[in-house]
Amino acid sequence: MSKFVSQTLILRSPYRNTCKRGYSSQSSSSEIVHIPSGSSIFAFGSPSQTKLPLIRDVDWTIKEGEAWAIISGAGGGKGVVFKTLLGHTRIEPPSTQSKHNWTDRGGLYPSLSSLSGDPYTRISHVSFRQRSGVDSGAFFDYTARYGAMREDEDRITLRQTLRPQNRVLSAQEESLLERLTSQMNLSSLLDLPLLTLSNGQTRRARIVRAILSHPELLLLDEPLTGLDVPSRARLNETLKMLHENASLRIIVGLRHGEEVPSWVSHILEVKDGRAFTTERSGLRQPFIAANNVVNFGVTPNNQQNETGNSVVELKNVSVAYGSRQILKDINWEVKQGDRWHLQGSNGSGKTTLLALLTGDHPQSFTQDHLLLPSPLSKEHALVLQPRSKTPTAHLRRVIGVSSPEMFDAFPRRHPGMSVWEAVGTGFDGGFVPRTKGADAQARKIGGIGWVDVSEEEVEFEASQGKTKEEIQQWRVKRCWEVLECLGPASWTTSASLNLDPSESTLAFASQSFSSLSPGEQRVVLLMRALVNRPPLVLLDEAWSGMDETLIGAARRYLRGEIKLKGKGGSALKIRGVDDAQAVVVITHWDEEVPWEANEVLKFRLPDRV
Ligand SMILES: Nc1ncnc2c1ncn2[C@@H]1O[C@H](COP(=O)(O)OP(=O)(O)OP(=O)(O)O)[C@@H](O)[C@H]1O
């Protein structure tokens with residue numbers, strides 16, 4: 001038995017009543033999910049004349065006792081399978097017309113349909129590719145967690161949210177809650193407001209809550225993303241236990257290349273618009289193993305850039321909430337040209353540290369030595385000043401950020417802004433489209449080809465002798481460059497990218513930001529973080545939700561491996577970030593860091609929880 005699991009986890013569920021033994025010794029042939037051979041999956045509302053399926057040639061049956069993982073290959077598709085399992089797509093031919101007559105066998109969920117009620121209400125879905133709990137589309141204040149709790153809602157504790165409908169739990173349920181939270185290392189956080197939990201802690205909490213709601217089927221999309229290495233092991237142990245003692249049926253979505261958990265018996269891979277099923281033993285390609293645990297300690301390992309100026313400087317920086325010490329005596333200097341990998345387990349304070357650098361954290365004002373890039377001097381040299389002397393608007397301009405908080409906060413209110421406008425907000429780090437002065441024609445297609453320059457910005461750049469027109473031209477060029485280098489034209493390795501925007505880039509620029517998939521939205525937010533070539537770029541889990549192709553494109557751009565072709569056949573090498581810029585990457589997956597190990601400085605925060 002695992003060192004994490006002191007007692008066997010057994011949930012009460014109808015399934016449990018019909019199946020008292022673990023999967024391994026069971027030979028039931030009842031079907032949990034069934035899509036007969038020859039089926040295709042269509043988006044709702046797709047015109048039936050064109051009949052372009054999202055996935056074709058589906059033939060998929062999950063039998064009781066099997067544990068399935070869904071993996072996307074080239075072209076994505078995992079999300080479509082999850083949507084199908086939630087009833088958000090159309091399967092053709094419909095069950096009534098199929099020669100297999102699968103309605104009589106209970107449709108998509110044969111064994112769940114035999115129970116009373118709608119089978120979809122007995123499914124729990126936890127996805128980390130989507131926005132978490134913020135559905136209005138409007139901006140919300142992601143800095144609330146760092147300061148005083150403002151609303152009663154902000155004070156709701158983790159323990160309260162784990163109680164379904166906030167009802168009193170039976171002794172058995174209460175003990176299950178205690179055991180699950182202990183196994184997932186959440187016990188010490190139970191009485192903290194949910195809002196204050198770190199990303200990884202929140203993700204673990206959402207999974208525990210889904211398990212406690214006793215679903216017949218638990219759908220977990222990329223549950224290991226954003227979790228540190230020990231938490232991944234704990235979660236895998238928990239899911240394995242629940243599966244092996246037949247407490248819960250689980251379907252898990254994995255990123256391509258992610259290690260397949262040991263308890264998974266079967267795999268559905270979506271590749272080039274088709275679905276392939278295989279038993280675990282029949283995996284066609286090796287999947288990479290999870291990265292190893294690194295020793296704790298604040299230990300830069302490579303040589304720091306000797307010549308660059310400092311971009312930020314921290315001496316003995318500490319953050320505490322009451323008696324809860326999060327950061328203690330942090331000393332750190334980031335210089336121009338540096339590439340940092342900021343590491344630390346969930347809850348160690350990485351996001352808190354970044355919030356100090358962006359000036360979003362209230363305790364950034366009270367540090368004795370936290371120096372941030374101040375408005376540029378006349379000579380255009382970087383000058384550092386304490387937070388209190390550095391206007392917030394200026395910090396937004398000189399620090400490019402892509403983070404889960406930014407992803408949640410970015411406004412998507414209908415009719416929403418175009419991709420072009422979303423990228424353009426990166427020039428001032430704001431949330432308001434910068435296409436005010438665009439002509440009517442440009443506005444019709446989402447303002448593309450235009451970026452506003454305010455008088456204040458002209459004044460700011462004037463010391464370099466740039467006119468408003470020059471600044472504007474540079475901005476438009478930069479927008480096209482990041483769109484070409486990170487947009488659809490770059491999503492294949494063989495892409496031929498152009499100085500003048502490709503057709504797919506033009507089309508992408510005028511799309512509505514909110515209509516994009518979560519992975520594409522992340523790419524656009526990465527473009528937004530880079531477009532102004534700010535001296536400091538903070539990439540906090542910037543890759544989560546992106547598939548392999550998007551990650552590959554981002555990696556090539558950041559590494560400076562892209563060439564843009566000009567009209568006469570000339571090629572111009574483009575660097576996503578240059579030597580005057582510093583980059584800090586936060587990820588729990590070493591392979592997501594765009595640079596090789598010997599090109600990156602490591603800064604690891606010690607555990608605090
Ligand atoms: N207002 C608050 N009161 C008490 N504790 C808080 C508050 N805000 C944050 N914390 C705690 O601060 C710690 C650091 O959180 P932070 O988000 O910085 O961690 P992280 O290293 O980014 O984690 P992850 O890898 O999960 O993203 C967490 O344990 C969190 O619970």
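In this text, all values refer to a predicted model and were calculated from it rather than measured experimentally.
M184 approaches V208 most closely through the heavy-atom pair CG-CG2, 3.7 Å. Minimum heavy-atom separation, L248 to P215: CD1-O, 3.4 Å. When all heavy atoms of S402 and A529 are compared, the pair lying nearest together is N-CB, 4.1 Å. Between A43 and L54, the shortest heavy-atom distance links the atoms N-CD1, 3.5 Å. For the residue pair T157 and D191, the shortest heavy atom distance occurs at CG2-O, 3.5 Å. In terms of heavy-atom proximity, W543 sits nearest to R255 at O-NH1, 4.4 Å.
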Would you sort out whether V80 and V270 count as a side-chain contact (heavy atoms from CB on, under 4.5 Å), showing the intermediate values?
-> CA-CA 9 Å; V80 175; V270 186; over 6 Å; no
Report the C-alpha separation of D57 and F276 in whole Å, then their side-chain angles, then the decisive distance to 0.1 Å, and conclude whether the side-chain contact (heavy atoms from CB on, under 4.5 Å) test is met.
-> CA-CA 8 Å; D57 299 337; F276 302 89; over 6 Å; no
Could you give me the CA-CA distance, side-chain angles and deciding distance for L342 and L354, then say whether side-chain contact (heavy atoms from CB on, under 4.5 Å) is met?
-> CA-CA 10 Å; L342 176 57; L354 291 199; 4.1 Å; yes
Kindly determine whether L85 and I123 satisfy side-chain contact (heavy atoms from CB on, under 4.5 Å), including the steps that lead there.
-> CA-CA 9 Å; L85 292 169; I123 296 167; over 6 Å; no
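Taking a cutoff of 4.0 Å between a charged side-chain nitrogen and a carboxylate oxygen, E178 and R159 qualify as a salt bridge. Electrostatic pairing of K78 and E222 counts as a salt bridge here, judged by a charged N lying under 4.0 Å from a carboxylate O. Look at K350 and D540 and you find no salt bridge, because none of the NZ, NE, NH1 or NH2 atoms lies under 4.0 Å from a carboxylate O. Contact check on E64 versus R249 returns a salt bridge, with a Lys/Arg side-chain nitrogen under 4.0 Å from an Asp/Glu carboxylate oxygen.
Residues W589 and S544 form no side-chain contact, since every pair of their non-hydrogen atoms from C-beta on lies 4.5 Å or further apart. Between S265 and R280, every side-chain heavy-atom pair lies at or beyond the 4.5 Å cut-off. In this structure, the side chains of M546 and E592 stay at 4.5 Å or more apart for every pair of heavy atoms. Side-chain contact between T89 and I55: absent, with no pair of heavy atoms (C-beta onward) separated by less than 4.5 Å. Side-chain atoms of L212 and E173, non-hydrogen and from C-beta on, never get closer than 4.5 Å to each other. L220 is listed as a side-chain neighbour of L239, based on a closest heavy-atom distance under 4.5 Å. Looking only at side-chain heavy atoms (C-beta outward), P261 and K240 stay at 4.5 Å or farther from each other. Under the 4.5 Å side-chain criterion, counting only non-hydrogen atoms from C-beta, P223 is not in contact with V126.
Atom OG of residue S187 and atom CG of residue L189 lie 8.0 Å apart, to the nearest 0.5 angstrom. Separation of atoms CD (E541) and CZ (F407) is listed at 12.0 Å; rounding is to 0.5 Å. Taking CH2 of W263 as the reference point, atom OG1 of T238 lies at 10.5 Å (rounded to 0.5 Å). In this structure, I251 CD1 and F82 CZ are separated by 7.0 Å, a value rounded to the nearest 0.5 Å. The CG atom of L605 sits 14.0 Å away from atom NZ of K328, with the distance rounded to the nearest 0.5 Å. A distance of 8.5 Å separates NE2 in H361 from CD1 in I326, rounded to the nearest 0.5 Å.
No side-chain donor-acceptor contact under 3.5 Å links R90 to the backbone of F42. Although no hydrogens or angles enter the test, the distance criterion places a donor-acceptor pair under 3.5 Å between the side chain of S318 and the main chain of D329. A distance-only check finds no donor-acceptor pair linking the side chain of R555 to the backbone of L550 [under 3.5 Å]. When atom types are taken as modelled, the side chain of Q521 and the backbone of L516 share a donor-acceptor pair closer than 3.5 angstrom.
For the residue pair S198 / N346, no side-chain donor-acceptor distance below 3.5 Å is found, with atom types taken as modelled. Side chains of S175 and R179: a donor-acceptor N/O pair is present below 3.5 angstrom, by distance only.
Cation-pi geometry between R522 and F410 is not met at under 6.0 angstrom from the ring centre and within 45 degrees of the axis.
Using cut-offs of 30° and 60° for the angle between ring planes, the W332 and W340 rings count as perpendicular.
With respect to P404, the side chain to side chain contact (heavy atoms under 4.5 Å, CB included) criterion is satisfied by exactly one of T351, N199, I586, T202: N199. Under the side-chain hydrogen bond (donor to acceptor under 3.5 Å, both in side chains) test applied with S231, the options Q201, R204, H588, R203 reduce to a single match, R204.
The distance between the ring centers of W68 and W60 falls below 6.0 angstrom.
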